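Values in this document were obtained by computation on a predicted structure and should not be read as measured data. Convention: sequence-line order gives letters A, B, ...; per-chain numbering from 1. All heavy atoms count here, side chains included; hydrogens, waters and symmetry mates do not.
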Amino acid sequence: MWDVSVIDCPSNFDVKSHAMSDDNSRYNAAEVEPRWQAVWEKGDIYRADDSSDKPKFYALEMFPYPSGRIHMGHVRNYAMGDVVARYKKAQGFEVLHPMGWDSFGMPAENAAIATGGHPKDWTYGNIDAMKAPMRRLGFALDWSREFATSDEAYYKQQQAIFLKFWDKGLVYRKTAKVNWDPVDNTVLANEQVIDGKGWRSGAVVEQRDMDQWFFKITHYAEELLEGLDTLDRWPEKVRTMQANWIGKSEGLQMRFEWADGDKTFGEDTYTGTEVFTTRPDTLYGASFIAFSPDHPIIKALAEENSKIEDFRIACAKIGTTEEAIATADKLGFDTGLRVKHPFDENKTLPVWIANFVLMGYGTGAIFGCPAHDQRDFDFAKKYDLPILPVVQPHEGGDERVELEEAYTGEGTLINSGFLNGLSKDAGISSAISKIEEMDLGKGVTNYRLRDWGVSRQRYWGCPIPVIKCAACGPQPVDEADLPVQLPYEDIDLTIPGNPLDRHPTFKTGTKDNPVTCPKCGAAAERETDTLDTFADSSWYFARFAGGQGNGLPSDKPFDKEIASDWLPVDQYVGGVEHAVLHLLYARFFTRGLRDCGLLDLPSGEPFAGLFTQGMVTHAVFTDEDGGFVMPADVIEDGNQLLHIESRKIVSKGEVIKMSKSKKNVVDPDEIIEGYGADVARWFVLSDSPPERDVEWTESGVIGAWRFSKKVWSLVSESEKMDPMSVASDASGDALELRRFAHKAMEKITAGIESFRFNTSVAQIYELTNALKKYKANDSAKAEALGILIRAIAPFMPHLSEECWSHLGGQGLCYHAPWPVIDPAMLVEDEVTLPIQVNGKRRSELTAPKAISKEEAEKIALSDEAVQRSLDGLTVRKVIVVPGRIINIVAS
RNA sequence: GCGGGCGUGGUGGAAUUGGUAGACACGCAAGACUUAAAAUCUUGUUCCUGUAUAGGAGUGCCGGUUCGAUUCCGGCCGCCCGCACCA
C-alpha cells in the first residue's frame with residue numbers, strides 16, 4: 001500500500017493555488033486571515049483586564065523555547081489552548097491567555113559555536129522570527145505581557161527570588177555526587193537523567209563529586225505528595241508519576257550497635273550503624289548488615305585498608321547507567337566487623353559492603369533479611385549467609401522447606417520471639433515501639449525525592465547571585481546590586497568548561513571595580529555557575545499573571561495581588577514529557593513563593609487543570625541511498641514514490657514524531673500559506689483524541705481544507721440573516737433542524753469541556769451536513785447557521801469572523817456569546833426503540849416517548865419480524881427499558 | 001522486575017451511569033456534471049452466506065456475571081509509556 005498522503009496529491013499540485021484563489025466565490029484564506037488579524041490587533045481584543053468583574057479564566061500553554069521555527073507540535077499545543085481560551089471567553093469569562101519565551105538554554109550556545117555568533121543574538125533573532133508565524137496562526141493571545149526569560153528584567157527578579165529562597169532556608173550549597181553530562185559539560189538534576197542519559201544530549205551520565213547549589217524541594221516532599229490528591233483535573237498518569245518520583249515510604253530508622261563497643265572511623269566515633277527499613281517485622285530474620293560502598297564509614301575504612309579501596313573501585317567500574325547498575329551482579333565484601341542483634345543478646349551479625357546498597361537513599365546502610373527480600377536473598381545465596389524465614393504465608397507452607405526466592409507477601413510471624421503470631425502490620429508497629437523503647441531508633445518517613453541541584457556550568461542562563469569569599473564563605477549579592485548581569489562581550493564557548501569561569505572580568509571584576517565580599521569587603525569571586533533553566537520556567541506563569549497588562553514590574557517578580565487573583569492557571573496544556581520535570585519544579589516554586597510572602601496561593605498549586613497533549617507524527621521517507629527525505633520533496637509517480645529533484649525512488653517508513661533529524665517535518669508556515677491557518681488548526685484537532693498522537697497526512701489536510709470551503713459556501717450562498725436568531729416558533733422541518741442544531745451544540749460543548757475536541761469536530765460536521773441539506777432561508781436556518789459559526793469559532797477563528805460578518809452579525813464573532821442550548825430541543829417526543837429477541841436486534845418501534853411499558857410490550861410482541869423470530873419459542877419475559885430498548889426473552 | 005495505559009472496519013476514530021457496535025472523517029468503488037481532468041455533487045462501503053426487503057459472525061484470545069457486555073469481573077496474548085537494586 002502506498003501512502004495515501006502522497007497518492008492523493010497529484011505531482012503538479014500547487015498548494016499556493018488553494019488559498020490564493022482569485023475567484024470571489026471561493027474562500028480565500030490568504031486574503032481573509034491577515035485582514036481579521038489586523039482587525040483583532042487594532043481592537044486589542046485579547047488583552048486581559050485585571051480589574052474585570054467577570055469570573056476569571058487563566059488559559060496557558062507551556063511556552064516555547066525559541067529554536068527559530070514553529071513546528072506542528074507547537075501548532076497543536078497552542079491550538080488546544082486557544083480553543084479553550086476562546087470558548088471560555090464566549091462563556092462570559094475574563095480570559096488571560098499570554099505567551100512568552102523560555103529563552104535560556106544550551107541550544108543557543110551550541111548554535112553560537114556552530115555559527116560563530118552570539119547566543120543572545122541567536123536567541124533574540126529566533127524570537128523575532130517566530131513571532132510572525134505565531135501571529136499568523138490567529139491565536140487569541142495577550143501579547144502585552146510577553147517576555148523572554150533571558151530578558152535582564154526577568155532574570156533579575158529570578159535572582160531576587162533565589163535570595164528570598166536562601167533567606168527562607170530553601171537554598172543551600174554542598175558537595176555531592178552529581179550527574180555529569182560529558183557532552184553538554186554540565187551537571188544535571190536527577191529528574192533530567194532519563195535511562196541513565198542526559199535529557200537533552202542523550203549522553204551517558206557520569207557520577208562526579210562537585211560543589212553545588214541546591215533548592216530544598218524535599219522540604220515540601222509531603223506537601224507535594226498530598227497536593228496531588230487535590231489535582232482532580234490532572235491526568236491520573238502524571239499524578240502517579242509524580243507520586244512515584246516523590247516515593248514516600250514509612251519505616252524505622254534504627255541503630256545496630258557494634259558488638260565490641262564504640263568505634264572511630266576517620267574523625268568520627270560511632271556507637272553503631274544507622275539503617276532504614278520498611279520491614280522491621282522481619283528483624284529476627286536479619287543475617288547481615290550491608291553498607292553502601294560510598295558510605296562515609298566505608299570511605300574512612302578504605303583509607304586504611306587497600307582491599308576495601310579495591311572493592312570500592314570494583315563497584316565503581318560496573319558502569320554509570322541506571323540499567324547497568326540495576327542488573328549488575330551482587331557484589332559483597334566482608335569487613336570482619338560485627339554488630340549486636342537488638343532483640344537477641346546472643347546474636348551478632350556480620351557487616352558487609354554491598355554494591356546494591358545506595359548511598360542516596362535512607363541511611364546508606366541496610367540490614368539484610370534474605371528470606372523476605374529478593375536482593376538480600378540473592379546476596380545471601382552468593383555469599384552463603386543464613387536464610388531464616390520469619391513470615392509464614394497464611395495458606396499452609398512449611399518454613400523448613402528451602403526457599404527458592406524471597407517471600408514478600410502477608411503472613412504470620414514465626415521464629416521471632418515477642419513478635420511471634422503477629423501479622424505483618426502488627427509486627428511492624430510492635431517492632432517500632434520496641435526499638436523506640438530501647439532508644440535504638442524511631443519510626444520515620446523516607447522519600448525518594450532528592451533536592452534539586454540547580455548549578456549549571458554553562459553561560460546562557462541566569463547567573464547565581466552569590467559572591468564567594470575566602471573568609472566568609474558564599475555570600476548573597478546585595479539586592480540593590482541586582483541584577484548580576486550576564487556579560488555579552490568576551491565570551492568564548494569553543495573550549496570545554498564553564499565560560500563564565502574564564503571570562504576576563506565576570507569572576508573577579510575589573511581593576512576599578514573589583515568583586516568584593518558583601519560582608520567583609522575583601523576581594524572575592526563571583527559564583528560562575530548559572531541556574532538550571534528549569535528554574536526559569538518555574539514561575540513565568542506568575543509573572544504573566546502579575547504583569548498588569550500594561551508592562552511588567554521592574555521592582556518585583558510580579559504584582560502579588562493581581563497574580564494571586566489570576567492564579568492558579570485554570571487550564572494548562574503541554575507535553576507529557578514534563579510530567580516530573582517542569583511540573584514538579586513549578587509546584588515547588590509556587591510553594592516557596594507563597595512561604596516567602598510573594599504569592600497568596602494557599603494551596604501552593606500553580607496549575608488547577610492540566611492536559612497533556614499527544615505529538616504530531618509523520619511517516620519517515622528514505623531514498624535508495626538510505627538518506628532521509630522531506631515529505632514536501634516526495635512526489636508520486638505511477639505506483640512509486642520519487643524524490644522531486646533527484647528522481648530517486650523513495651520508500652515510506654515508520655510513522656514517528658516529527659523531527660528535524662529524520663526530516664519527517666511539515667512546515668506550518670507552508671501549510672498556512674497553502675491552506676490557511678484555520679485549516680492547519682482544524683486538522684491538528686480533528687482526527688485524533690487530543691491526548692493521543694495525530695498523524696499528519698496531506699489527505700487529512702485537504703479534508704480539513706474542503707470542510708472550510710464547505711462552510712464558506714454554506715454561508716456565502718445564504719441570504720443575510722441574523723446569526724443570533726432564535727427560531728422559537730419553528731415547526732415541521734424547521735423544528736427538526738432546530739432540534740438537530742441544539743443537540744449537536746450540546747455535544748460540541750461537552751466535547752470542548754472534556755478535551756475531546758475530535759468529538760466536537762464530528763458534531764460540527766454533522767451540523768454542517770444537516771444545514772447543507774436544508775434549503776429554506778428561514779429563521780431556523782439563521783439560528784442553526786449562527787450556532788454553527790459560533791461552534792466553529794474556537795477552532796477556526798478567521799473563517800468564523802468572515803462568516804459572521806458576511807451574514808451581518810453584530811460586532812465580532814469573538815465577542816458573541818456561546819449559543820444557549822434550549823433544553824426543550826433535546827427532548828424528543830417520539831423515540832425509536834430497538835426490539836431484541838434473546839439479545840439480538842430483530843426490529844424496532846417508533847412510539848411517543850411517554851408510551852407505557854405495557855403498550856410497548858404489546859406492540860413489540862405483535863411486530864411481524866419479532867413474531868417470525870419467536871416462531872416455535874415461548875416468551876418467558878419481556879424487559880422494557882423506557883426510552884432505551886425492549887428485549888424479549890424466549891426459549 | 002514494579003507501576004500505569006491501550007487493543008474496535010482498509011485507516012483515524014465514535015459509542016462516559018451495561019441498552020441498536022462502527023457516528024464523523026479519510027480512503028476506496030460506482031454514478032452525475034465535463035471534450036477531458038481538477039473541483040463539486042449523489043450513492044455505496046465491518047466480514048461471510050454467488051442474489052438480500054433474509055440469516056449468521058463480529059470490539060486481541062479464553063472464561064464468568066447479566067434479559068442484554070466494546071463497557072463489569074477473572075485468566076492469558078500483544079503493544080505503548082513511566083520507574084528501575086528505594087531496603
Side-chain angles (χ1 to χ4, degrees), chain A residues 1 4-5 7-8 10 12-13 17-18 26 194-196 235-245 247-249 251-252 275-279 282 290 322-323 325-328 330 354-358 360-369 372-376 378-379 446-449 576-577 579-580 686-689 691-695 697 699-700 702-704 706-707 709-710 713 747 750 754 756 758-766 768-769 772 832-844 865 868-869 876-881 883-890:
Chain A
M1 278 280 284
V4 289
S5 72
I7 288 178
D8 189 60
N12 59 353
F13 189 78
S17 65
H18 291 309
R26 282 170 68 177
I194 315 289
D195 291 336
E236 190 62 42
K237 180 183 171 164
V238 174
R239 294 195 291 172
T240 306
M241 282 168 69
Q242 290 212 0
N244 290 342
W245 190 262
K248 178 179 182 174
S249 61
L252 168 70
V275 304
F276 173 73
T277 177
T278 54
R279 292 295 304 275
T282 65
E322 303 277 359
E323 200 184 353
I325 292 166
T327 55
K330 301 278 179 289
N355 65 335
F356 67 90
V357 181
L358 306 173
Y361 186 77
T363 61
I366 59 157
F367 81 78
C369 177
H372 304 292
D373 182 288
Q374 191 57 41
R375 293 154 300 172
D376 299 347
D378 296 341
F379 192 76
N446 237 305
Y447 298 91
R448 209 186 74 109
L449 183 69
V576 74
E577 67 273 17
V580 282
S686 61
D687 257 17
S688 293
E691 71 276 12
R692 262 189 245 177
D693 292 350
V694 62
E695 184 187 352
T697 60
S699 58
I702 292 173
R706 265 190 213 137
F707 174 69
K709 286 196 304 182
K710 200 168 174 179
S713 76
K747 291 178 192 156
S754 59
R756 284 147 59 227
N758 55 322
T759 64
S760 299
V761 164
Q763 289 301 319
I764 290 172
Y765 279 132
E766 294 213 45
T768 308
N769 291 342
K772 202 82 183 168
T832 300
L833 298 175
I835 307 169
Q836 296 182 335
V837 175
N838 288 333
K840 288 190 175 126
R841 185 181 175 282
R842 295 298 173 190
S843 185
E844 61 181 33
R868 211 173 330 136
S869 52
R876 303 287 173 197
K877 200 172 167 189
V878 180
I879 291 143
V880 181
V881 184
R884 286 283 190 188
I885 202 164
I886 299 161
N887 191 12
I888 299 163
V889 187

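The partner of rU42(B) is rA30(B), judged by Watson-Crick or G-U wobble contacts that both fall below 3.5 Å. When Watson-Crick and G-U wobble pairs are counted only if both distances are under 3.5 Å, rU59(B) pairs with no nucleotide at all. Pairing partner, rG9(B): none, since no Watson-Crick or wobble contact has both distances short of 3.5 Å. Taking a pair to require two hydrogen-bonding distances under 3.5 Å in either a Watson-Crick or a G-U wobble arrangement, rU70(B) remains unpaired. Base pairing of rG82(B) is made with rC2(B), judged by Watson-Crick or G-U wobble geometry with both donor-acceptor distances under 3.5 Å. Remark: rA87(B) base-pairs with no nucleotide in the shown strands. Criterion, Watson-Crick or G-U wobble with two distances under 3.5 Å. rG18(B) is unpaired under the criterion used here, namely a Watson-Crick or G-U wobble arrangement in which both key atom distances are under 3.5 Å. Remark: rU51(B) base-pairs with no nucleotide in the shown strands. Criterion, Watson-Crick or G-U wobble with two distances under 3.5 Å.
Taking atom P in both rG22(B) and rG44(B), one finds a spacing of 15 Å when rounded to whole Å. Distance check on atom P: rG27(B) versus rG78(B) gives 36 Å, rounded to whole Å. Of the C1' atoms belonging to rG63(B) and rA14(B), the separation is 28 Å, rounded to the nearest Å. If you take atom C1' in rC80(B) and the same atom in rC86(B), they sit 26 Å apart, rounded to whole Å. The C1' atoms of rU45(B) and rA23(B) are separated by 15 Å, rounded to the nearest whole Å. Annotation: rG50(B) and rG4(B) have their P atoms spaced 49 Å apart (nearest Å). For rG68(B) and rG19(B), the C1' atoms lie 7 Å apart once the distance is rounded to whole Å. Atom C1' of rU35(B) sits at a distance of 26 Å from the matching atom of rU43(B), rounded to the whole Å.
Within the structure, a side-chain polar atom (N or O) of K840(A) is placed less than 4.0 Å from OP1 or OP2 of rA57(B). Not one side-chain nitrogen or oxygen of R239(A) sits closer than 4.0 Å to the OP1 or OP2 atom of rG4(B). In this model, the phosphate group of rA54(B) is not approached by any side-chain N or O of R841(A) to a distance below 4.0 Å at OP1 or OP2. Residue S249(A) has a polar side-chain atom (N or O) positioned under 4.0 Å from OP1 or OP2 of rA87(B). For N758(A), a side-chain nitrogen or oxygen approaches OP1 or OP2 of rA14(B) to under 4.0 Å. OP1 or OP2 of rU40(B) lies within a sub-4.0 Å distance of a side-chain N or O belonging to R706(A). OP1 or OP2 of rA84(B) has not a single side-chain nitrogen or oxygen of N244(A) nearer than 4.0 Å. Taking only side-chain nitrogens and oxygens, R876(A) never comes nearer than 4.0 Å to OP1 or OP2 of rC67(B). For R756(A), a side-chain nitrogen or oxygen approaches OP1 or OP2 of rA15(B) to under 4.0 Å.
The shortest side-chain heavy-atom distance between D376(A) and F356(A) falls under the 4.5 Å cut-off. Looking at I764(A) and F707(A), their side chains come closer than 4.5 Å, going by heavy atoms from C-beta outward.
Judged purely by atom type and a 3.5 angstrom limit, N887(A) uses its side chain to pair as donor or acceptor with the backbone of G839(A). When atom types are taken as modelled, the side chain of D687(A) and the backbone of N758(A) share no donor-acceptor pair closer than 3.5 angstrom.
Within 4.0 Å (heavy atoms only), N838(A) reaches no atom of the nucleic acid at all. Within 4.0 Å of V889(A), counting heavy atoms only, lie sugar-phosphate atoms of the nucleic acid but no base atom. Among the heavy atoms of the strands, none lies under 4.0 Å from V580(A).
Of the candidates rC83(B), rG27(B), rG3(B), rG3(B) carries the atom nearest the T240(A) side chain, counting heavy atoms from C-beta on. When each of rC85(B), rC41(B), rA54(B) is scored by its nearest atom to the side-chain atoms of K330(A), the top-ranked nucleotide is rC85(B). Listed candidates were rG13(B), rA25(B), rU40(B). Nearest to the side chain of Y765(A) is rA25(B). For Q836(A), counting side-chain heavy atoms from C-beta on, the closest listed nucleotide (rU20(B), rG82(B), rA87(B)) is rU20(B). Nearest nucleotide to the N887(A) side chain, out of rC86(B), rG19(B), rC85(B): rG19(B).
The side-chain tip of K330(A) does not point at the ring of F379(A) from less than 6.0 angstrom away and within 45° of straight on.
Comparing G839(A) and T759(A) by the nucleotide of RNA chain B whose heavy atom lies nearest to each, the residue mapping closer to the 5' end is T759(A).
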Checklist entry - Could you walk me through whether N769(A) and K710(A) pass the side chain to side chain donor-acceptor pair (under 3.5 Å) check? => result CA-CA 9 Å; N769(A) 291 342; K710(A) 200 168 174 179; 3.0 Å; yes
